[in-house]
Amino acid sequence: MSKLTREEAKDTIDYGALYVPEGEARIIKKDGTLEPFNMQKVVNAVHKSAYRALYEFTTEEKRHICEFVKARIDALENKDIPISLMHNIVESALDEVKPIVAKSYRDYRNYKQDFVRMMDDVYKKTQAIMYVGDRENANTDSALVSTKRSLIFNQFNKSLYEKFFLTTEEIQACREGYIYVHDMSARRDTMNCCLFNISEVLRGGFEMGNVWYNEPKVLDTVFDVCGDIILSAAGQQYGGFTVPEVDKMLAPYAERSYEKYTNKYISLGVDRETAEKQAMADIQREFEQGFQGWEYKFNTVASSRGDYPFITVTAGLGTDRFARMASKTLMNVRKNGQGKPGHKKPVLFPKIVFLYDEKLHGPGGELEDVFEAGIECSSKSMYPDWLSMSGEGYISETYQKYGKVISPMGCRAFLSPYWERGGQTPADENDVPVYIGRFNIGVVSLHLPMILAKAREESRDFYEVLDYYLNMIRQLHIRTYQYLGEMKASTNPLAYCQGGFLGGHLDLHDRIAPLLDAATASFGITALNELQILYNGKSLVQDGAFALEVMEYINRKVAEFKAEDHHLYAIYGTPAENLCGLQVRQFRDKFGVVPGVSDREYVSNSFHCHVAENITPIEKQDLEKRFWELFNGGKIQYVRYPIDYNLEAIKTLIRRAMKYGFYEGVNMSLSYCDDCGYEQLEMDVCPKCGSSNLTKIDRMNGYLAYSRTHGDTRLSDSKMAEIADRISM
């Protein structure tokens, strides 16, 4: 289909005047009323069905449909035609011209009856949310009224998406478990995760909520304004919201504050040396208060979606004095935690990612002190996660060649290259990629063990069945690009109008389609370990050759799709949260309990070794490295650290991961007694006071979550079962 909108595709031909049946034909509507037949209504209806099927009728095809319908009506003795018969006539015409559109038309029929059933299902789910709660997303507190309202709306929106966006085949594939469309409740409204260009929004001032903001001039103000921008913009999307290289972003404002404070003290008669020393102390305090303020705001103020927005900041590469101060203070504030005296514990947001460059952060490097601050922070709070700028692979090589950082969006999503002048392909050898200001439009995940089991049950080639579902995801992405392209810039003004996104200086009423050229769409992968076990009874630790073969095949196919469709498709290691349990249940329903595949309450995430494998951190790093460059759209590697005080062990493993080019997470189980303040790893009952009133923080997947808070959890039962089994992760 061309890139015409539905409105632009309408013709100027009046088919109602051209094709008038013999005699006075009338339509008997469902309520029994009569309405004169008008061929233009038939054309309008088939237009809509063609649009849903991504097809555009030619003028000749529309004439054929009209002639077919007119001939059938002329042949009828009774010219009062029931609407059901009229539908059958139109379907027959479409079957002759374009069967795929006939199917789209047929699927849309009787939607009112389907709508009643859909609303009944939504009502049942909303009752469960109201009185039981919801644990699908660890970032939502379903005890809150505002969150319940959002979850109820999400159920309704998800049902609308299934009914009016997905095809019958896609719905079937989702329900049986072969694919999983993530975030159905939001995909009709907006885009997914992003690298937000907050510096571009701030530059020269901006408008938010119909109020003009002048660009902040000093550090404390920029913290306040950025907090407002982040909460506002993050509420207009779903998924992770990343502020890349926050140390470099804040440094110029710190410099201005320093000059302001120095001049103030000198004007009061203080000598320059003392004035500069006091000004530095003031800047240090503002950094501390600013980062503390963000931690309070981002962990207590829910977004308009009802969840705590998944905010990430990356830092560590800034070499000037204030960028360095920003990075170290960010780490120290997180390490020290929040809470009343004696009861401090780390918060979850923003997620911190340390950008590691061996030349800067290695032994004797210019920023070794920043690295040391990061290590101490990781040992106490698990964050920061560590992203290599100087190792092997796509992310490091991009930084080394172009000086461009590919920060993760949320917990693990990464963007494909998009070129400043050439777009999806470089204009010439001097073109450079751009990443900041770009975003993802969503993920659809494959369930590979289900696909292998289906191929075997039907005695079909595995890759033939896999191709079917890969193409299904491809078509879903194509429709998503087209659908979202019709959105107006007014749906997210900070992003689309104020410069938060690349090219985001549109007018409020402009369509956002031009911005989608730089957006990625992801093919997600889960349960690679279970795929290998189903194939030959061996886990990724024992073998992995077939899993590797499959991922190489998927990479080749997706590269073909990318070239043919001119969309930036990417392959994503899915961080299955509630999905890890859903996929097991779906597999059992279809293929039963298979040892190593569906005999636990969860499946493994993406390409990771099973959490219960008794392997060392070094073995886990080595085993997962073979898959690393096959998941460039989203990946993270993490290992389990049994102790937090052995900083040298943490340093050794992180530096090893950085040489591999990894995005590395430190994993420990942090436990805090809410009664007496005692803290230690792996605690279920406080050994000091005997209380079970604990807060526990575990790594959900690529991000941290409360596995226990005030005696309760926000995690699903399947995820809690996975956490209980962890040895290597």
Side-chain angles (χ1 to χ4, degrees), residues 190-209 211-257 286-287 290-291 293-298 301 303-304 308-318 320 322-323 325-327 329-330 349-353 355 404-410 413 415 434-440 489 492-506 515 518-519:
T190 184
M191 32 65 65
N192 191 8
C193 43
C194 71
L195 298 182
F196 196 81
N197 193 344
I198 205 162
S199 294
E200 181 66 18
V201 174
L202 291 171
R203 188 176 296 115
F206 62 96
E207 185 176 289
M208 181 167 63
V211 174
W212 179 259
Y213 283 66
N214 292 315
E215 181 178 359
K217 298 195 170 44
V218 290
L219 188 60
D220 61 344
T221 306
V222 83
F223 270 110
D224 288 340
V225 173
C226 283
D228 293 342
I229 290 172
I230 291 167
L231 285 179
S232 177
Q236 311 313 315
Q237 63 171 83
Y238 62 99
F241 184 99
T242 295
V243 181
E245 300 189 79
V246 71
D247 50 340
K248 294 181 181 180
M249 185 272 287
L250 292 170
Y253 298 97
E255 191 70 52
R256 294 176 200 170
S257 287
E286 286 192 7
F287 269 127
F291 286 126
W294 278 6
E295 289 195 346
Y296 286 133
K297 185 173 290 188
F298 299 156
V301 181
S303 75
S304 57
Y308 298 109
F310 195 132
I311 297 163
T312 300
V313 297
T314 65
L317 292 175
D320 71 64
F322 291 121
M325 183 185 288
S327 294
T329 308
L330 172 67
F349 298 111
K351 171 173 176 165
I352 303 171
V353 177
L355 305 172
K404 299 284 187 176
V405 174
I406 312 174
S407 293
M409 301 182 295
L415 289 161
V434 56
Y435 294 95
I436 295 177
R438 293 174 52 208
F439 54 90
N440 186 293
N492 191 346
L494 284 171
Y496 301 135
C497 305
Q498 301 297 322
F501 288 165
L502 183 66
H505 292 285
L506 303 174
L515 276 60

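Everything numeric in this text was worked out from a predicted model, so none of it was measured.
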Visitor: Can any side-chain N or O of R256 pair as donor or acceptor with the backbone N or O of V218 at less than 3.5 Å?
Guide: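 Not at all, since once roles are kept as given, no pair shorter than 3.5 Å links the two residues.
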Visitor: The test is side-chain hydrogen bond (donor to acceptor under 3.5 Å, both in side chains); show your working for Y253 and E215 and say whether it passes.
Guide: CA-CA 10 Å; Y253 298 97; E215 181 178 359; 3.0 Å; yes
Visitor: Measuring from atom CD of E255 to atom CZ of F322, what distance do you get when rounded to the nearest 0.5 angstrom?
Guide: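 Reported to 0.5 Å precision, the distance equals 5.0 Å.
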Visitor: Tell me, with the steps shown, if F349 and E295 meet side chain to side chain contact (heavy atoms under 4.5 Å, CB included).
Guide: CA-CA 6 Å; F349 298 111; E295 289 195 346; over 6 Å; no
Visitor: Can you see which heavy atom on P216 is nearest to which on L202, and at what distance?
Guide: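 Nearest heavy atoms, P216 then L202: CD-CD2, 3.9 Å.
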Visitor: Out of curiosity, D220 CG to S257 OG, how far, rounded to the nearest 0.5 Å?
Guide: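 With rounding to 0.5 Å, CG (D220) is 6.0 Å from OG (S257).
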Visitor: Should S232 and M208 count as side-chain neighbours, where that means a heavy-atom distance under 4.5 Å?
Guide: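 Side-chain contact under 4.5 Å: yes.
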Visitor: Looking at side-chain heavy atoms only, is the closest gap between L250 and F287 below 4.5 Å?
Guide: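 With C-beta onward as the side chain, the pair touches.
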Visitor: Taking side chain as C-beta onward, heavy atoms only, is P309 less than 4.5 Å from I230?
Guide: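 P309 vs I230: side chains apart.
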Visitor: Can you measure from CG (L506) to CG (N492) and round to the nearest 0.5 angstrom?
Guide: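 These two atoms lie 11.0 Å from each other.
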Visitor: To the nearest 0.5 Å, tell me how far F241 CZ sits from F298 CZ.
Guide: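 Here the interatomic distance stands at 8.5 Å.
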Visitor: Grab the two heavy atoms, one from G239 and one from N192, that are nearest each other, plus how far apart they are.
Guide: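 For G239 and N192, the tightest heavy-atom pair comes out as CA-OD1, 3.3 Å.
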Visitor: To the nearest 0.5 Å, how far apart are CD1 in I198 and CZ in R203?
Guide: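 Those atoms lie 12.0 Å apart.
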Visitor: Work out which heavy atom in F223 is nearest to a heavy atom in E286; give both atom names and the distance.
Guide: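 Closest approach of F223 to E286, heavy atoms only: CE1-O, 3.9 Å.
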Visitor: Within the 4.5 Å heavy-atom criterion, are M409 and N440 side-chain neighbours or not?
Guide: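 Counting from C-beta outward, M409 and N440 do come under 4.5 Å.
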Visitor: Let me see the working for F196 and I436 under side chain to side chain contact (heavy atoms under 4.5 Å, CB included), right down to the final yes or no.
Guide: CA-CA 7 Å; F196 196 81; I436 295 177; over 6 Å; no
Visitor: Quick one, C194 and Q237 - any side-chain contact, counting heavy atoms below 4.5 Å?
Guide: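 In short, these two side chains touch, coming nearer than 4.5 Å.
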Visitor: Are any of the side-chain heavy atoms of L494 and F206 separated by less than 4.5 Å?
Guide: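 Side-chain contact under 4.5 Å: yes.
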Visitor: Checking side-chain polar atoms at under 3.5 Å, does H505 have a donor or acceptor matched by the opposite partner on Q498?
Guide: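 Distance-only check fails for H505 and Q498.
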Visitor: Using side-chain heavy atoms (C-beta onward) and a distance below 4.5 Å, is Y435 in contact with L502?
Guide: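 When only atoms from C-beta onward are counted, L502 and Y435 do not touch, as no gap falls below 4.5 Å.
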Visitor: Is the shortest heavy-atom distance from the side chain of D228 to the side chain of Y213 under 4.5 Å?
Guide: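 Counting from C-beta outward, D228 and Y213 do come under 4.5 Å.
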Visitor: Looking only at heavy atoms, what is the nearest atom pair of D224 and K297, with distance?
Guide: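 Heavy atoms of D224 and K297 come nearest at O-NZ, 4.0 Å.
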Visitor: Any side-chain to backbone donor/acceptor pair from N214 onto G205? Under 3.5 Å, distance only.
Guide: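 Side chain of N214 to backbone of G205, a donor-acceptor pair under 3.5 Å: no, none is there.
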Visitor: For Y496 together with F501, are the ring centres under 6.0 Å from each other?
Guide: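 F501 vs Y496: aromatic centres under 6.0 Å.
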Visitor: Pick one: which of T242, T312, T314 meets side chain to side chain donor-acceptor pair (under 3.5 Å) with S407?
Guide: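 Only match with S407 under side chain to side chain donor-acceptor pair (under 3.5 Å): T314.
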Visitor: Check this for me, if you would: do D320 and K248 make a salt bridge, where the nitrogen-to-carboxylate-oxygen distance has to be below 4.0 angstrom?
Guide: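 Salt bridge: no.
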Visitor: Write down the atom of P408, the atom of L195, and the distance for their closest heavy-atom approach.
Guide: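 Nearest pair, atom of P408 first, then L195: O-CD2, 3.8 Å.
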Visitor: If you take all heavy atoms of M249 and S199, which pair is closest and at what distance?
Guide: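 Taking M249 first and S199 second, the nearest heavy atoms are CG-OG, 3.2 Å.
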Visitor: Once you measure the plane-to-plane angle for W294 and F291, does it fall in the parallel (<30°), tilted (30-60°) or perpendicular (>60°) bin?
Guide: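 Correct class here is perpendicular.
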